[in-house]
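Written below as structure tokens is the structure these notes are about.
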Amino acid sequence: MNTQPNRIIIFDTTLRDGEQCPGATLNVEEKLTIARQLARLGVDVIEAGFPYASVGDFEAVQKIAQTVGVESGPTICGLARATRQDIEAAAKALKPAAHGRIHTFIATSDIHLKYKLKKTRPEVLAIAEEMVAYAKSFVEDVEFSPEDAGRSDPEFLYEVLERAIAAGATTVNIPDTVGYTTPTEFGALIRGIKENVPNIDQAIISVHGHNDLGLAVANFLEAVKNGARQLECTINGIGERAGNAALEELVMALHVRRQFYNPYFGRPAESEEALTNIDTRQIYKTSRLVSNLTGMLVQPNKAIVGANAFAHESGIHQDGVLKNKLTYEIMDAKLIGLTDNQIVLGKHSGRNAFRNRLKELGFDLSETELNKAFVRFKEVADKKKDVSDWDLEALVNDEISQVPELFHLELVQVSCGDHARPTATVTLRTPEGEELMDAAIGTGPVDAVYKAINRVVNVPNELIEYSVQSVTAGIDALGEVTIRLRYNSRVFSGHAANTDIIVASAQAYVNALNRLYAWLQGQGQESRDRETDKAVASV
Ligand code: KIV
Ligand code: ZN
């Protein structure tokens, strides 16, 4: 392996750190769908999960290793605390991957040592060395992270890194776990590591950071200037608390400003050679997929993938763009895979046209998925004259959502208006195959529908977020509903698209309840969850 690559390695942790944010929980099939898309996007490493944390996580890492971790595919990585049982679980889950990596970590800041680990510095040094060597006994590719590096004493950090590299770490990752550092400080930390760790040329320097102060991406770019060559990031920046550094922002900053960054890679400024392996035209699609499956909405003003990222509202800007795009646009929307949203299909479009357009949009569906999506397309095309690329994307993302259909919504009907009490009737098919009907009155039609559904499902929960967005402009647009509900302290999300927003609301709710129900059913076998919950919450 070339230990000092002349480009940036993109390490995606959407399925591990990203999935740790409340409500973003994905099932195994959904993780697999995202992993396949990450491979199409061209990430170098997929951190697929934390195998020891739960049976579900183990299974997801193993399946991703089997199906996405092929010879020509990305490296598949599993997280492990610096303990034997975590490392063994990671090694086992990663076994089917052509390129597997164990990522082991232990905290190095004094505050973590004193209060969390209750260990001395020499003890942590010894554990880091021993556990890296143990991981190395299973795989060649070992990554080591000194957790909370951003608040660790640099002198101690140098020592830990030197010992980890000597024990076999091929990547050393520097996490700003609590999102505390500023770009100048983070850049200096990386420079210090380069200058003071004697064997640093035998490992790749990676960075990992959280966005508590909104500085994660800026910190990473400063780290790149100082020698970091792997960036750990997530799609849409999802993750613990304020999230992680956003992949799309890093990649596009390195692409749009490549003339600025090229010299740090020893290239002439004008070099057109890409700084990452990412196929930028897959960015928008990946963002939508992750948002739909996790229920984590993308804010409209989010850089690169937000709904307004390429919209010009002010008259002065519109005028300028009409005269010459370059007056106010630093990148072409097509670069991230946004089409001009041309109208492509309608109710007379056949199966072949549908299949071909989906192919062009980069969807690789199985025959069953295609059949299901085609039925949905026909339903929508009957109600909506023009079905755009964005509509197709919303429908297909909905159809490939892999939430087990324990409860199935058979019927929803509401009556409401300014002189009526909103009343809803619903029929659900239960997991046992029974059809149950119930009705309820609410403060509004959605409230009435949710109350009626709750009467059937009968699992106490609290709706904590409800949002409806239109997929395209126009009165006949598809409405996308995303909801989040809480059961005890757990959050579950649901998502659905339909031309009728009451139907979409009902489907999104049933979708979230199905996640909750599946989780309740699987709870017994996942007892390890509880044991590692605290540790997971701290990474
Ligand atoms: O934020 C963090 O420190 C982590 C480590 C496990 C890399 O997620
Ligand atoms: Zn993290």
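Residues: numbered from 1 along the sequence shown. Order of listing sets the numbers, starting from 1, for every ligand and every atom in it.
Between Asp279 and Arg40, none of the side-chain N atoms (NZ, or NE/NH1/NH2) sits under 4.0 Å from a carboxylate O, so this pair counts as no salt bridge. A salt bridge is absent between Arg84 and Glu88: the closest approach of a Lys/Arg side-chain nitrogen to an acidic carboxylate oxygen does not fall below 4.0 angstrom. Comment: Arg288 engages Glu480 in a salt bridge, judged by a side-chain N to carboxylate O separation of less than 4.0 angstrom. Checked for salt-bridge contact, Arg7 and Asp44 meet the test: a charged N lies under 4.0 Å from a carboxylate O.
Checked against side chain to side chain contact (heavy atoms under 4.5 Å, CB included), Ser493 has the following partners two or more places apart in sequence or in another chain: Arg484, Arg515. A search for side chain to side chain donor-acceptor pair (under 3.5 Å) contacts involving Arg267 returns nothing, not counting sequence neighbours.
Selection from His208, His103, Arg16 by nearest heavy atom to atom 2 (C) of ligand 1 gives His208.
Contacts of His210 with ligand 1, taken as heavy-atom pairs under 4.0 Å, involve the side chain alone. Under 4.0 Å from ligand 1, the heavy atoms of Asp17 that appear belong solely to its side chain.
For a threshold of 3.5 Å applied to N or O pairs, the pair formed by Asn173 and ligand 1 contains no separation below that value. On a distance-only criterion, Glu232 and ligand 1 share no N/O pair closer than 3.5 Å. Distances between N or O atoms of Glu147 and those of ligand 1 include no value under 3.5 Å.
Rounded to 10°, the angle formed at the Zn ion (ligand 2) by NE2 of His210 and OD2 of Asp17 is 100°.
For ligand 1, the atoms lying closer than 4.0 Å to a non-hydrogen atom of Thr177 are 1 (O), 2 (C), 3 (O).
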